[in-house]
Participant: 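Okay, here's the structure, questions in a sec.
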Amino acid sequence: MRRLRGSAFAAGVAMLAAWTLLPIYLVAIGGFGGPDAVYRWPKSFWPENLSLDTFRRFVAIGGIWQATEQSVKVALITVVLSLALGVPAGYALARLRFRGATTYRLVILLTRAFPVGILALPLAVSFARFGLYDTALGVALVHTALALPFAVLVTASLFVGIPRELEEAAWVFGCTGPGAFRRIILPLALPGIAATAVFSFVLSWNEVFAAAVLTLRHRTLTAFLLTVLSESPLHIQLAGGFMLIVPSVLFIFLVRRYLFAMWGIASR
Amino acid sequence: MKERFAIVGSALLLALPLAFGAARAKAQSIGFLSTQLRPVVETTRMRTAILKDFPQKVAFIPTFPEQLLIQATADSKRAKPTLSLFGALHGELEPLVPAGLLAPVDALAPMAKARGVPAGLMALARLGTMHEMYIPWMQATYIMAANRKALPYLPKGADLDHLSYQQLAQWAANITKATGRRMLGFPAGPKGLMPRFFEGYLYPSYTGGVVTTFKSPAAEKMWAFFKGMWKYVNPNSTNYNFMQEPLLSGDVWIAFDHESRLLDALRQKPTDFVAFPAPAGPEGRFYMPVIVGLGIASHAADAAGAAALVKYLLEPKTQLLTLEETGFFPVVRVAMPSNLETGVRLEAAAIQAMQSAPDAKQALLPVGLGKHDGEFGQIYMNTFQRIVLRGQTIGSALAIEAKDLQRIMDAAGAPCWSPDQPSQGVCQVR
């Protein structure tokens, strides 16, 4: 019985792994295999004639590095802003009693209720008036607005989970309010905050619409690739897709240990 | 732990001022926003080959057609606009006029006429105003291509350059009979250009019109024929966006598409494929020329530079280079050189044969529909889905869609355009 359960578990794990890895694998052999591999029928499942040709051509596309730099910038600003605004708001929701707290909790979701498509023109025009059009900060502001509800609600539930007594003990021993937050609460909440950071980063990295409408010369990588690749030959599209997957996977690996610590499992 | 947190935090903070600084830097080049030459291969060729000999620096920015209006509007509201020139299809430039985003280019018209831009195109470029609102830049059209393996199955007496739709259907039927596979293909996928096949080719060739004749008896006959032919069309057609891909993979042998979306197949394997004109119907061999124009922004950062760039792009030498690099054909008078690349030469010959066929007639892209252009194409795709894919009765399907078509024409207030006869007031479905 136990063996049966064990193998069922293994099969489940294998399925889950295949679920995410198989598409990435197919994208990779498409990107590395060149046009012949993509157009041949029947398709071969094993990589043949791998070459870096497509990637070399891809990397040589004018403006691709500038776009990558822009994407990293926008994503980092988004992470900073959504943490800087989201963590205090989450703390307030969790610890402080104030009128309209529950309404606030609901209203905060409103930013996600309006489709960006409808807001595109007015948003672009007002950004142009404020001098934010076509800047990293402008795109990051929109991404922050999209990421904030998540950041606030996640950190709020995080702070609720941290016993109030710990904080009070810190006060008793002479910590100021902010000091107790920094010394006691923040380290305990770090895994959850890391998760929020990952979410904001990935959201910003993947977001296309606002990034495409609000920029002209300073495109983010996703918006840039969408315009240049959507009508390009398949193997170049696959190479581009692969290049998009890699950085976000890398980022997730970097913060992975904080994520796991969230459930009390130390996996260092 | 604390230390690491501090390091990450300060790194993030450092990123902020960096981001502010970069947005401001960079000397101004001529901002050229274009909905055409968007695929990366074409964009690269535009930047590295076509614009290479122009003395000033040009920032060529490809964009999606649906974002052109938003980006042009936003840019015009900036303290310092950065765009000077727009390159887009006739129908995409049209909505920029009521928004006041295009400056008249009458000053450039004599240059264009002197270089041989046809008077008909110049008239079209007025976009319903008293002034030239854009200068024609390049043109393209839709043709057919086939794998040489299909040629032995051509029906008796059929000439590739003078095919009729009946012969095309017979040809595809012969292949299915011999091989058991459905080898004719159409770009009926979500990003395919199938609506243009109905608007500019099938409808006019069978009914002599596209709006007025929408539910005429000739149209009913046409749909019955097309439904019969679909038995030999690869069912994957509803997924195809670019026919060069299924042609190269051997999924289809005969295909209809925009010439730039066939070019890759003809380029990569010029000995495997042939290009030929679109077929003819009872009303003639209708084809649809696609015009790309250059419009100067009314808030242009560098209007003089933009005008110089227009002149440069219309030079015969540049136009030939554009043809070789992108497959878009010249709008000015040029002599075709003999050393043209094989893929382009095959297409040029097919287009030449189509234009000079005795029964050749032109159907224009929809004129005056503005933002309703997409809905207009959808009517033809809906009708196609009802009749061919879902098997609804032709008469009732046409009656339902005709109502929608009339609603769009009323909403846009558009008079008839060629191939329909000119109308007084809004174009009416008869």
Side-chain angles (χ1 to χ4, degrees), chain A residues 35 38-41 57-58 60-63 66 69-70 72-74 76-77 79-81 83 120-121 123-129 131-138 140 182-183 186-187 190 193 197 212-219 225-234 236-237 240 255, chain B residues 1-2 4-5 8-9 11-16 18-20 22-24 26 29 31 33 38-44 46-48 59-64 66-67 69-71 73-83 191 241-242 244-251 260-261 264-265 268:
Chain A
V38 174
Y39 293 130
R40 195 181 37 202
W41 193 265
R57 272 175 65 194
F58 179 78
I61 297 173
Q66 198 203 1
E69 193 193 319
Q70 192 72 4
V72 172
K73 246 187 245 165
V74 170
L76 288 183
I77 301 178
V79 169
V80 170
L81 288 181
L83 288 187
L121 184 57
L123 204 61
V125 168
S126 38
F127 269 43
R129 294 227 168 90
L132 286 170
Y133 191 72
D134 204 15
T135 61
L137 182 66
R182 193 172 60 82
R183 294 218 168 88
L186 208 53
L190 200 56
I193 292 176
V213 167
L214 295 177
T215 55
L216 269 181
R217 296 182 181 210
H218 302 96
R219 292 261 158 97
L225 289 184
L226 185 74
T227 30
V228 294
L229 286 189
S230 67
E231 290 178 2
S232 291
L234 211 52
I236 302 189
Q237 287 192 16
V255 291
Chain B
M1 177 72 129
K2 209 161 83 185
R4 199 172 292 138
F5 190 69
V8 174
L12 294 184
L13 282 179
L14 271 177
L16 266 173
L18 215 108
F20 281 107
R24 216 167 294 137
K26 226 182 182 193
S29 42
L33 192 64
R38 216 162 48 219
V40 59
V41 183
E42 293 178 10
T43 307
T44 312
M46 180 69 180
R47 289 188 181 135
T48 55
F60 181 75
I61 310 164
T63 191
F64 282 112
E66 57 270 28
Q67 287 169 6
L69 183 63
I70 297 177
Q71 288 173 328
T73 312
D75 191 67
S76 70
K77 301 275 193 262
R78 298 171 80 174
K80 271 192 189 151
T82 63
L83 295 175
K191 283 196 162 185
N241 297 323
F242 287 66
Q244 56 201 13
E245 290 167 9
L247 276 175
L248 278 170
S249 70
D251 276 2
S260 73
R261 295 178 171 206
D264 234 24
Q268 286 187 25

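No experiment lies behind these values; they were computed from the predicted model shown. Lettering of chains follows the sequences in order, A, B, ..., and the numbering in each one begins at 1.
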Participant: For Phe242(B), which atoms come within 4.5 Å of any heavy atom of chain A: side chain, backbone, both, or neither?
Facilitator: side chain
Participant: Any side-chain heavy-atom pair from Ile236(A) and Val41(B) closer than 4.5 angstrom?
Facilitator: yes
Participant: Non-hydrogen atoms of chain B under 4.5 Å away: do they reach the side chain of Ser126(A), the backbone, both or neither?
Facilitator: neither
Participant: Nearest heavy-atom pair of Ala74(B) and Ala128(A): which atoms, and what distance?
Facilitator: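 Smallest heavy-atom distance, with atoms named: O-CB, 3.1 Å.
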Participant: Between Leu226(A) and chain B, with a heavy-atom cut-off of 4.5 Å, which part of the residue counts as in contact: side chain, backbone, both or neither?
Facilitator: both
Participant: Just so I understand: if I count every heavy-atom pair under 4.5 Å between each of Leu69(B), Thr82(B), Thr44(B) and chain A, which residue has the most?
Facilitator: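 With the most close heavy-atom pairs to chain A, the winner is Thr82(B).
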Participant: For residues Thr227(A) and Pro62(B), report the shortest heavy-atom separation together with the two atoms involved.
Facilitator: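 For Thr227(A) versus Pro62(B), the nearest heavy atoms are CG2-O, 4.0 Å.
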Participant: Distance-only, no hydrogens or angles: does the Gln71(B) side chain make a donor-acceptor pair with backbone N or O of Ala212(A) under 3.5 Å?
Facilitator: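 Yes; judged by distance alone, with no hydrogens or angles, the pair exists.
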Participant: Give, as side chain, backbone, both or neither, the part of Ala140(A) having an atom under 4.5 angstrom from any heavy atom of chain B.
Facilitator: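 Contact with chain B is absent: no heavy atom of Ala140(A) under 4.5 Å.
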Participant: For Arg38(B), is it the side chain, the backbone, both or neither that has a heavy atom under 4.5 Å from a heavy atom of chain A?
Facilitator: both
Participant: In Å, rounded to the nearest 0.5 Å, how long is the span from CG of Asp134(A) to CD1 of Ile61(B)?
Facilitator: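 Here the interatomic distance stands at 7.5 Å.
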Participant: Side chain, backbone, both or neither: which part of Lys191(B) has a heavy atom under 4.5 Å from chain A?
Facilitator: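 For Lys191(B), the side chain is the part near chain A, not the backbone.
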Participant: To the nearest 0.5 Å, how far apart are CG in Leu83(B) and CG in Leu216(A)?
Facilitator: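 Answer for the CG-CG pair, Leu83(B) versus Leu216(A), is 5.0 Å.
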Participant: Closest heavy-atom contact between Leu121(A) and Ile70(B)?
Facilitator: CD1-CA, 3.9 Å
Participant: Is a side-chain N or O of Arg217(A) found less than 3.5 angstrom from the main chain of Ala59(B), in a donor-acceptor match?
Facilitator: no
Participant: For the atom pair CZ (Arg219(A)) and OG1 (Thr63(B)), what is the distance rounded to the nearest 0.5 Å?
Facilitator: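 Here the interatomic distance stands at 5.0 Å.
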